[in-house]
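Working notes for the structure below.
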Amino acid sequence: MAAAAALSTPLDVHFSIPPSDSKRTIFFTKPLRTSSTRKFTFSCHSSSKSPPKPKPKPPPNLPESPSPNNPSLSDQLKPLSTTTLSPTKPDQTHLLSKPKSTWVNPTRPKRSVLSLQRHKRSPYSYNPQVRELKLLARKLNDCDDSEEALSLALNEIPFEPTRENALLILNSLKFWPKSYFFFNWIKTQNMFPMETIFYNVTMKSLRFGRQFQLIEQLANEMVSNGIELDNITYSTIISCAKRCNMFNKAIEWFERMYKTGLMPDEVTYSAILDVYAKSGKVEEVLSLYERGVASGWKPDAITFSVLGKMFGETGDYDGIRYVLQEMKSLGVQPNVVVYNTLLEAMGKAGKPGLARSLFDEMVESGLTPDEKTLTALIKIYGKARWAKDALELWERMRANSWPMDFILYNTLLNMCADIGLVEEAERLFEDMKQSSDHCKPDSYSYTAMLNIYGSGGNVDKAMYMFEEMSELGIAVNVMGCTCLIQCLGKARRIDDLVRVFGVSVQRGVKPDDRLCGCLLSVVSLCETSEDVGKVVACLQEANPNLVALVKLIENKKTGFETVKQEFKSVIRDTAVDARRPFCNCLIDICRNRNLQERAHELLYLGNLYGLYPGLHNKTVDEWSLDVRSLSIGAAHTALEEWMGTLAKVVEREEALPELFLAQTGTGTHKFSQGLATSFASHVKKLAAPFTLSEERAGCFVATREDLVSWVQSRIPSAVTV
DNA sequence: TCGGACCCGG
């Protein structure tokens with residue numbers, strides 16, 4: 001929906017089609033912005049070694065007495081969001097620096113936002129009947145879910161239903177229906193008044209089953225029966241809402257807590273921080289964090305893990321650095337979970353080297369990495385194509401007998417797919433087959449193998465995997481199906497492709513936009529109209545609108561305006577990550593059908609709708625064309641377009657930079673198609689003066705002199721490209 | 001033995 005909104009409004013404002021006599025130009029126009037999400041970043045900390053920032057001394061840590069007029073959380077945050085958080089004051093974006101005096105008023109001590117006291121647990125005393133009680137609990141756990149069965153089990157109750165006994169049983173019940181039933185049963189017995197703890201324990205069990213409705217029902221019951229809701233109650237409610245992705249509910253209950261005058265303790269506080277973090281409210285998280293610290297709170301590892309995850313989600317490297325520095329200055333030692341979170345965040349921020357150093361630091365500090373640590377790191381090395389580091393780590397894992405689980409196995413397989421390690425993957429896959437039950441290859445493992453064989457062009461082995469999956473009853477998912485179809489398409493095994501598509505759909509695969517993009521790319525590869533028809537028939541089943549667009553653009557009579565409208569409508573309904581592939585494929589289809597003009601129109605539209613950000617970059621010294629995210633056909637089209645535009649600039653004798661360069665990338669992936677090679681031959685065909693740069697990998701360069709004389713030698717033909 | 005954080009895909 002958001003994507004649709006982003007597409008619908010700004011485009012027509014920015015673009016009106018010029019009169020037919022003037023050419024549309026792709027380059028040298030102000031790039032379109034489809035959205036303007038402000039990314040929060042900290043101002044730079046000069047060095048993590050610098051002494052910790054002076055934190056304001058907190059007011060005395062006395063929990064405030066409940067006040068009937070306690071401000072709500074949003075009221076409390078208001079002064080922050082209108083002052084400190086104002087995005088219009090760039091010098092104030094450093095939220096976590098010393099708080100601004102606008103809200104630290106020395107004459108009026110700031111209200112504390114959390115209680116530094118943890119909730120006291122009731123002391124546990126030994127229950128002599130523990131054996132019998134555990135036995136009953138097991139019986140309840142094992143018996144049928146039906147009310148009859150549960151009642152029957154409870155009838156033979158071997159003990160007095162005292163408060164302690166009931167609590168012990170309630171604590172031992174594993175599944176929420178049992179806990180809920182038992183809780184209600186205690187209520188009907190009327191042996192003792194229901195206290196908060198019974199509600200809390202029951203809610204905890206309900207949370208396992210994500211029964212937020214029931215939890216909320218119980219909470220309301222507590223309110224109407226005058227039973228106190230404590231921090232444990234609230235944190236349980238909040239974390240359940242969070243797990244159910246009901247962030248508004250979580251915030252609503254947090255607000256309710258404030259309004260009743262109960263001060264959150266650090267558990268509730270970090271739970272709500274996580275809620276804000278998961279709902280993307282970075283600024284709220286930071287102001288809450290800041291205010292907590294200003295109240296004298298020393299955040300623990302869990303808080304930093306929440307912050308780290310939040311920054312990881314947006315790949316905010318400055319944020320990650322801040323978390324590390326903040327822990328250091330507060331003297332909080334990261335534990336394994338914190339390291340895991342930060343490692344993953346480093347991966348999302350695209351910092352494999354820093355992830356590696358962080359991992360070294362973790363091991364040096366004496367911590368043992370667990371499955372999640374290794375999963376994070378292997379994934380990072382795979383995505384970065386750091387084969388050496390990945391293999392070394394793998395070796396180290398085995399040498400140290402570090403823990404493995406099936407997710408780590410699957411991540412290793414994916415890493416092999418990323419790096420192109422076919423034999424290693426096969427060995428690993430065999431290991432999994434030999435292993436005990438919990439690491440047997442599952443749908444993910446098979447998908448990884450389909451990916452490996454598919455991208456390596458090993459059609460027969462990929463097909464073998466596909467058959468084996470159906471023999472073993474392992475579900476084919478849409479991604480595995482996509483890998484296989486892509487591979488069959490490249491091998492021009494269209495009949496097999498059609499069969500695989502049919503079988504997959506029959507087995508429940510719901511084609512998504514990426515699968516459609518894959519089918520579309522096969523359409524562009526097909527050499528006979530018969531094959532085209534077969535693939536289009538599959539595509540018709542999955543995305544009829546896309547097929548209609550293909551037919552439209554193939555028809556020479558279709559006018560540009562029509563293409564534009566239909567293109568826009570298809571792209572708007574397409575998942576963001578599939579939009580550019582769609583456009584690339586459509587361009588390829590045109591080029592293969594000799595519809596060059598249409599290809600240029602489509603590239604223009606793709607650029608117009610923001611599918612190729614950063615395609616063209618200009619500085620005073622150099623202009624560059626970055627075709628790394630383009631298909632071969634699209635890259636050729638872009639080069640022609642660029643040349644045409646440059647010709648015009650030369651013709652008009654406008655200022656030109658010293659250097660021109662076209663970036664094709666080096667195709668670091670073992671299986672990658674070699675855009676550079678194809679680009680080189682196209683450059684040669686055009687006789688353009690670009691040569692592969694020796695200093696800059698994956699770049700073709702041309703000097704101004706060469707380019708100008710080449711353009712002049714082509715005039716007037718160049719102008720009309 | 002009443003509550004909070006971290007892992008797999010095109």
Side-chain angles (χ1 to χ4, degrees), chain A residues 118-127 130 164 167-168 170-172 195-205 207 230-240 242-243 264-275 277-278 299-310 312 334-345 347 370-379 382-383 403 405-415 417-418 442-451 454-455 477-487 512-515 517-518 577-578 581:
Chain A
R118 273 283 269 272
H119 192 281
K120 285 184 292 293
R121 281 166 193 271
S122 46
Y124 172 73
S125 60
Y126 179 71
N127 189 325
V130 65
E164 280 67 33
L167 204 48
L168 205 147
L170 193 56
N171 258 314
S172 316
E195 297 164 37
T196 308
I197 189 169
F198 286 92
Y199 282 89
N200 289 353
V201 175
T202 308
M203 284 184 182
K204 184 189 165 192
S205 179
R207 192 188 52 190
D230 61 16
N231 256 290
I232 297 175
T233 322
Y234 282 110
S235 66
T236 311
I237 299 170
I238 290 167
S239 60
C240 179
K242 185 178 70 185
R243 282 185 207 178
D265 66 11
E266 64 172 338
V267 175
T268 314
Y269 206 70
S270 62
I272 203 69
L273 277 184
D274 197 23
V275 169
K278 288 202 160 61
D300 61 6
I302 292 177
T303 309
F304 290 115
S305 160
V306 166
L307 292 179
K309 171 123 192 182
M310 175 180 78
N335 60 17
V336 176
V337 175
V338 172
Y339 273 115
N340 292 351
T341 315
L342 290 173
L343 281 171
E344 191 156 321
D370 66 8
E371 298 90 333
K372 291 161 190 171
T373 320
L374 300 165
T375 299
L377 206 57
I378 284 290
K379 183 175 155 185
K383 294 279 166 268
D405 65 4
F406 79 100
I407 293 183
L408 181 50
Y409 265 112
N410 285 341
T411 306
L412 282 163
L413 285 177
N414 287 327
M415 177 272 288
D418 285 331
D442 67 354
S443 158
Y444 272 86
S445 326
Y446 273 92
T447 303
M449 293 310 286
L450 282 173
N451 186 11
S455 36
N477 57 35
V478 65
M479 176 186 151
C481 175
T482 308
C483 293
L484 188 52
I485 283 188
Q486 185 170 35
C487 162
D512 63 5
D513 289 339
R514 294 179 69 164
L515 177 50
C518 173
D577 59 357

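So you know, we letter chains A, B, ... as the sequences are listed, proteins then strands, and number each from 1.
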Inset, instruction - Please state how far atom NZ in A/K309 lies from atom C1' in B/dA5, giving the value in whole angstrom units. - result: 9 Å
Legend entry - A/E371 CD to B/dC6 P, straight-line distance once rounded to whole Å: 16 Å
Legend entry - Heavy-atom side-chain contact between A/L307 and A/M310 under 4.5 Å: yes
Inset, instruction - Indicate, with a heavy-atom threshold strictly under 4.0 Å, whether A/D265 touches base, sugar-phosphate, or nothing. - result: base
Inset, instruction - For A/T233, answer base if it contacts any base atom (sugar-phosphate contacts may also be present), sugar-phosphate if it contacts only those atoms, and nothing otherwise; contact means non-hydrogen atoms under 4.0 Å. - result: nothing
Inset, instruction - Just call it for A/N231: base, sugar-phosphate, or nothing, with non-hydrogen atoms closer than 4.0 Å on any strand. - result: base
Legend entry - Distance test, side-chain N/O of A/K242 to OP1/OP2 of B/dA5, below 4.0 Å: yes
Inset, instruction - For A/L515, answer base if it contacts any base atom (sugar-phosphate contacts may also be present), sugar-phosphate if it contacts only those atoms, and nothing otherwise; contact means non-hydrogen atoms under 4.0 Å. - result: base
Inset, instruction - Could you check whether A/V478 gets within reach of a base, just the sugar-phosphate, or nothing at all, counting any heavy atom under 4.0 Å? - result: base
Inset, instruction - Using whole Å, report how far CG of A/N410 lies from C1' of B/dG10. - result: 15 Å
Inset, instruction - Would you please confirm or rule out a distance under 4.0 Å between OP1 or OP2 of B/dC2 and any side-chain N or O of A/R207? - result: no
Legend entry - Interatomic distance, A/L412 CG vs B/dC8 P [rounded to whole Å]: 13 Å
Legend entry - Selected nucleotide, minimal atom distance to A/V337 side chain, candidates B/dC8, B/dG10, B/dA5: B/dA5
Inset, instruction - Mark yes or no for a side-chain to base donor-acceptor pair under 3.5 Å between A/S235 and B/dG4, with no hydrogen or angle criteria applied. - result: no
Inset, instruction - Side chain of A/K379 only, please: which of B/dC2, B/dA5, B/dC8 is the nearest? - result: B/dC8
Inset, instruction - Answer yes or no: is there a side-chain heavy-atom contact under 4.5 Å between A/M203 and A/I237? - result: yes
Legend entry - A/M449 CE - B/dG10 P separation (whole Å): 16 Å
Legend entry - Whole-Å distance separating the CZ atom of A/R118 from the P atom of B/dC2: 13 Å
Inset, instruction - Quick one: label A/T341 by what it contacts on the DNA or RNA (base, sugar-phosphate, nothing), any heavy atom closer than 4.0 Å. - result: sugar-phosphate
Legend entry - Closest nucleotide among B/dG10, B/dG3, B/dG4 to the A/K204 side chain: B/dG3
Legend entry - A/K278 side chain near B/dC6 phosphate (N/O to OP1/OP2, under 4.0 Å): yes
Inset, instruction - Would you mind classifying the nucleic acid contact of A/Q486 as base, sugar-phosphate or nothing, using non-hydrogen atoms under 4.0 angstrom? - result: nothing
Legend entry - Side-chain heavy atoms of A/M415 within contact of A/K379, under 4.5 Å: no
Inset, instruction - Report the nucleotide, chosen from B/dC8, B/dG10, B/dC2, that has the shortest atom-to-atom distance to any side-chain atom of A/T411. - result: B/dC8
Legend entry - Rounded interatomic separation in angstrom, taking CG from A/N200 and P from B/dG4: 11 Å
Legend entry - Donor-acceptor pair, side chain of A/T341 and main chain of A/V337, under 3.5 angstrom: yes
Inset, instruction - Using only heavy-atom distances, decide whether a donor-acceptor pair under 3.5 angstrom links the side-chain of A/N335 to the base of B/dA5. - result: yes
Inset, instruction - Just call it for A/D513: base, sugar-phosphate, or nothing, with non-hydrogen atoms closer than 4.0 Å on any strand. - result: nothing
Inset, instruction - Evaluate the side-chain proximity of A/D442 to A/N410: yes if any heavy-atom separation is below 4.5 Å, no if none is. - result: yes
Inset, instruction - Mind calculating the distance between CG (A/D230) and P (B/dC2) to the nearest angstrom? - result: 12 Å
Inset, instruction - Look at the side chain of A/I302 and decide which nucleotide, out of B/dA5, B/dG10, B/dC8, has an atom nearest to it. - result: B/dA5
Inset, instruction - Check whether the side chain of A/D577 and the base of B/dG10 form a donor-acceptor pair under 3.5 Å. - result: no
Legend entry - A/M479 side-chain proximity, nearest of B/dG10, B/dC8, B/dG4: B/dG10
Inset, instruction - Side chain of A/R514 only, please: which of B/dG10, B/dC7, B/dC8 is the nearest? - result: B/dG10
Inset, instruction - Indicate whether any N or O donor in one side chain lies under 3.5 Å from an N or O acceptor in the other, for A/N414 and A/T411. - result: no
Inset, instruction - Would you mind reporting whether A/T233 and A/Y199 have side-chain heavy atoms less than 4.5 Å apart? - result: no
